[in-house]
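Below, chains carry the letters A, B, ... as their sequence lines are ordered, and counting in each starts from 1. The shown structure was predicted, so the numbers you read here are calculated from the model rather than taken from an experiment.
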Amino acid sequence: MALSTQPYKGARDFYPEDKRLQKYMFRIMRESVEKFGYEEYDAPILESLDLYLAKTGEEIVNEQTYTFEDRGGRKVAIRPEMTPTVSRMVAARRQELAYPLRWYSIPNLWRYERPQHGRLREHWQLNVDIFGSEDVQAELEIIRVADSILKTFGATHDMYTIKLNSRKLMDFIMNEYLGLNQVQSYTLSKLIDRMHKMPAEAFDAEVEALFSPSQREAGAHNKLHGLLKTKHLDALPERLRELPSVVALQKLLTQLKAMHIPNVIFDITVMRGFDYYTDIVFEVNDTHPENNRSMFGGGRYDGLVGLFGVEPVPTVGFGMGDVTLQNFLEGHDLMPKLRSETDVFAIIVGDVAEKAEKVIDDLREMGLHIAVDFTGRKIDKQIKTASKKDVHYALFIGERELKDEQYVLRNLQTGVEERHSASRIVSIVKDYRED
RNA sequence: GCGGAAGUAGCUCAGUCGGUUAGAGCGCUGGAUUGUGGCUCCGGAGGCCGUGGGUUCGAGUCCCAUCUUUCGCCCCA
């Protein structure tokens with residue numbers, strides 16, 4: 001039986017053209033967040049399993065994490081997300097860091113689950129966090145950063161919606177306003193989280209089953225129903241509007257709109273999967289009709305750093321996955337045509353290899369990326385090879401060129417050929433590379 | 001983890017009722033008087049029909065299992 005050439009289930013090989021796309025996406029991400037002063041960090045892909053047992057949703061640890069025992073008997077996990085890791089790093093140097101911290105990373109993460117559209121077992125996820133600010137200005141900045149990234153990819157505001165909500169508001173609604181106990185609240189929040197994926201009747205039935213007789217008596221169901229239909233903060237009952245979280249949400253919405261981000265809305269059904277969110281959460285949705293799903297999101301999690309036994313550090317952050325981002329870019333026709341990192345494919349004509357290599361080395365010295373075809377094949381084959389590699393220019397070097405030191409530079413896109421000196425070639429190619 | 005669909009050449013696929021040496025297009029490769037790709041013409045390579053069992057005189061075709069891909073569910077990015 002032959003060895004399989006397939007990559008591991010749910011993981012991808014990155015051939016040069018795939019890697020080109022990944023590098024492009026990471027470059028835009030880095031440039032966007034660094035504009036706001038975020039600094040890159042990194043960490044090992046392996047973590048102690050304990051790190052994930054304390055928090056996170058239970059299912060992620062039990063069923064979706066790759067775990068194993070190392071040779072020393074330690075329980076090890078391949079990181080399924082970056083937030084616990086970065087919280088651990090911050091906690092380790094809690095006292096000496098200069099707050100507010102603006103950190104980002106693009107780690108690869110692993111989750112053991114069934115691969116399907118937009119979800120693989122290994123993915124890369126831009127993580128952007130701001131540590132050390134309780135002020136809603138932190139949320140404002142984080143959302144602006146997320147918006148700015150999408151804009152840099154060429155997206156316009158009609159392509160996505162930013163939905164905001166608050167966990168504190170939801171907790172208040174469930175505990176105080178509806179009078180639910182802890183178990184009921186937890187179940188209901190998970191139910192609201194997937195409310196849009198189930199028929200209204202099924203949702204109603206599950207909600208009804210959740211309430212106790214006395215709660216039903218008190219009209220809990222109707223109250224909840226009314227709330228879930230709320231599209232604006234002003235439409236909330238007075239008691240809820242006075243909550244600090246709601247005031248903060250209102251401020252956020254107003255400021256974002258003032259900053260020319262009109263596609264933000266309040267959405268009371270946004271919950272986010274992780275249990276560690278403590279207040280404001282947000283979610284970015286693709287508006288493309290065929291891919292109308294949550295692309296990524298984030299929120300405030302003030303409790304995580306404190307789990308390591310140090311004073312808590314208030315934190316706001318989000319994670320943006322490469323697979324969902326790619327789907328978004330493809331859906332909105334935002335994928336760039338990427339060329340090779342190689343600027344020039346040199347074609348040596350005749351028996352002049354030694355002299356030609358000298359010229360090529362000079363060009364490399366002046367900063368060009370040049371691959372040389374030393375096969376001596378027919379010229380048409382060599383041009384075809386260059387073209388297939390998505391190299392932009394072919395450079396012919398033969399007797400004639402070497403004699404007068406004028407080389408034939410061919411633009412493989414247009415087919416236009418010109419004779420130039422080496423230094424002129426360098427500036428032409430560099431000019432092209434710049435844009 | 002639970003359902004549905006699909007696996008034939010590198011890619012996209014055809015293959016009748018189970019019947020001889022398994023097909024096309026594209027791609028790859030060589031050539032059309034040796035310094036120019038994409039067009040045209042001619043030649044060539046390339047298949048354990050995903051894998052393992054079973055039924056049958058005979059299986060790409062029917063049955064079972066398994067792996068992979070894919071769509072949905074759970075969950076989430």
Side-chain angles (χ1 to χ4, degrees), chain A residues 1-12 15 56-65 79-83 106-127 146 190-191 193-194 197-199 202 270-275 277 283-286 290-291 293-298 317-328 345-352 356 373 375-402 407-417 419:
Chain A
M1 172 120 147
L3 223 44
S4 171
T5 56
Q6 279 180 328
Y8 174 73
K9 184 183 175 82
R12 301 102 97 202
Y15 286 83
T56 324
E58 260 178 55
E59 179 170 18
I60 287 186
V61 178
N62 298 335
E63 295 168 25
Q64 297 198 342
T65 303
R79 62 186 174 201
E81 50 160 338
M82 198 59 168
T83 305
I106 312 179
N108 55 336
L109 309 173
W110 287 80
R111 285 189 194 164
Y112 192 84
E113 60 181 339
R114 192 134 179 200
Q116 55 181 278
H117 184 69
R119 291 171 58 205
L120 300 171
R121 287 182 171 182
E122 184 190 37
H123 76 122
W124 273 258
Q125 187 189 62
L126 170 67
N127 276 253
K190 295 288 172 190
L191 201 54
D193 196 29
R194 57 196 170 91
K197 293 183 186 172
M198 54 202 308
V270 167
M271 297 302 293
R272 305 295 304 154
F274 293 121
D275 294 339
Y277 289 119
E283 198 166 279
V284 178
N285 279 68
D286 191 344
E290 278 170 29
N291 195 37
R293 65 211 306 267
S294 163
M295 273 164 66
F296 68 94
F318 71 90
M320 176 190 271
D322 66 331
V323 182
T324 37
L325 174 65
Q326 192 176 330
N327 288 341
F328 174 78
F345 193 79
I347 295 172
I348 298 171
V349 183
D351 192 18
V352 293
D373 194 319
T375 61
R377 288 178 299 174
K378 295 176 84 92
I379 305 230
D380 55 345
K381 299 295 174 203
Q382 298 193 37
I383 291 177
K384 238 179 139 174
T385 301
S387 180
K388 197 169 170 182
K389 287 180 190 295
D390 289 323
V391 175
H392 194 68
Y393 290 104
L395 181 67
F396 296 92
I397 306 177
E399 298 276 3
R400 299 205 290 261
E401 288 78 8
L402 287 164
Y407 310 94
V408 174
L409 186 68
R410 182 186 182 91
N411 181 324
L412 291 171
Q413 296 264 277
T414 61
V416 172
E417 256 177 38
R419 294 173 71 81

Could you check which nucleotide pairs with U61(B) in any of the strands shown, counting Watson-Crick or G-U wobble with both distances under 3.5 Å? none
Hey, could you give me the CZ/CZ distance between R114(A) and R119(A), rounded to the nearest 0.5 Å? 11.5 Å
With rounding to whole Å, what would you report as the distance between G3(B) and A9(B) at their C1' atoms? 33 Å
Does R79(A) reach the main-chain N or O of N108(A) with its side chain, forming a donor-acceptor pair under 3.5 Å? yes
Gap between atom CD1 of I106(A) and atom CG of L109(A) - 0.5 Å precision: 11.5 Å
Partner nucleotide, any strand, of C73(B) [Watson-Crick/G-U, under 3.5 Å]: G1(B)
Could you pull out all residues at least two apart from D373(A) that satisfy side chain to side chain donor-acceptor pair (under 3.5 Å)? T375(A), R377(A)
Mark yes or no for a side-chain to base donor-acceptor pair under 3.5 Å between R119(A) and C75(B), with no hydrogen or angle criteria applied. yes
Under 4.0 Å between a side-chain N or O of K388(A) and OP1 or OP2 of C28(B)? yes
I'd like the P distance from G10(B) over to C48(B), given in whole Å. 8 Å
Let me know, please, whether V323(A) or S387(A) comes out on the 5' side of the other along RNA chain B by nearest nucleotide. S387(A)
Is it the case that A77(B) (base atoms only) and E122(A) (side chain only) share a donor and an acceptor within less than 3.5 Å, ignoring hydrogens and angles? no
I'd like a table of atom pairs between the protein and nucleotides 67-69 of chain B - only N or O on both sides, under 3.5 Å - with the distance next to each one.
residue: U68(B); atom: O2'; partner: Q6(A); partner atom: NE2; Å: 2.9
residue: U69(B); atom: OP2; partner: K9(A); partner atom: NZ; Å: 3.1

Does the structure show a Watson-Crick or G-U wobble partner for A32(B), both distances under 3.5 Å? Name it, or say none. U40(B)
Report the base-pairing partner of A45(B) (Watson-Crick or G-U wobble, both distances below 3.5 angstrom), or none. none
Could you go over nucleotides 32-36 of chain B and give all protein N or O partners under 3.5 Å, atom names and distances?
residue: G35(B); atom: O6; partner: R400(A); partner atom: N; Å: 3.4
residue: G35(B); atom: N1; partner: E401(A); partner atom: OE1; Å: 3.0
residue: G35(B); atom: N1; partner: E401(A); partner atom: OE2; Å: 3.0
residue: G35(B); atom: N2; partner: E401(A); partner atom: OE2; Å: 2.5
residue: U36(B); atom: O2; partner: R410(A); partner atom: NH1; Å: 2.8
residue: U36(B); atom: O2; partner: E417(A); partner atom: OE2; Å: 2.7
residue: U36(B); atom: N3; partner: E417(A); partner atom: OE1; Å: 3.4
residue: U36(B); atom: N3; partner: E417(A); partner atom: OE2; Å: 2.5
residue: U36(B); atom: O4; partner: E417(A); partner atom: OE1; Å: 3.4

Using the P atom in both, what is the distance from U8(B) to G50(B), to the nearest Å? 6 Å
Integer angstrom distance from the C1' of C74(B) to that of A6(B): 23 Å
Only pairs with both distances under 3.5 Å count, Watson-Crick or wobble alike; so what is the partner of U12(B) in this structure? A24(B)
U56(B) -> Watson-Crick or G-U wobble partner, both distances under 3.5 Å, gives none
For the P atoms, the ones on U20(B) and on G60(B), what distance do you get once it is rounded to whole angstrom? 10 Å
What is the distance from atom CZ of F396(A) to atom CZ of R410(A), rounded to the nearest 0.5 Å? 6.0 Å
Answer for the Watson-Crick or wobble partner of U66(B), both distances under 3.5 Å, is G50(B)
Are the side chains of P7(A) and R12(A) in contact, using a 4.5 Å heavy-atom criterion? no
Please round to the nearest 0.5 Å and tell me the distance separating atom CD of E122(A) and atom OH of Y112(A). 15.0 Å
So, do L395(A) and F345(A) sit near enough that their side-chain heavy atoms are less than 4.5 Å apart? no
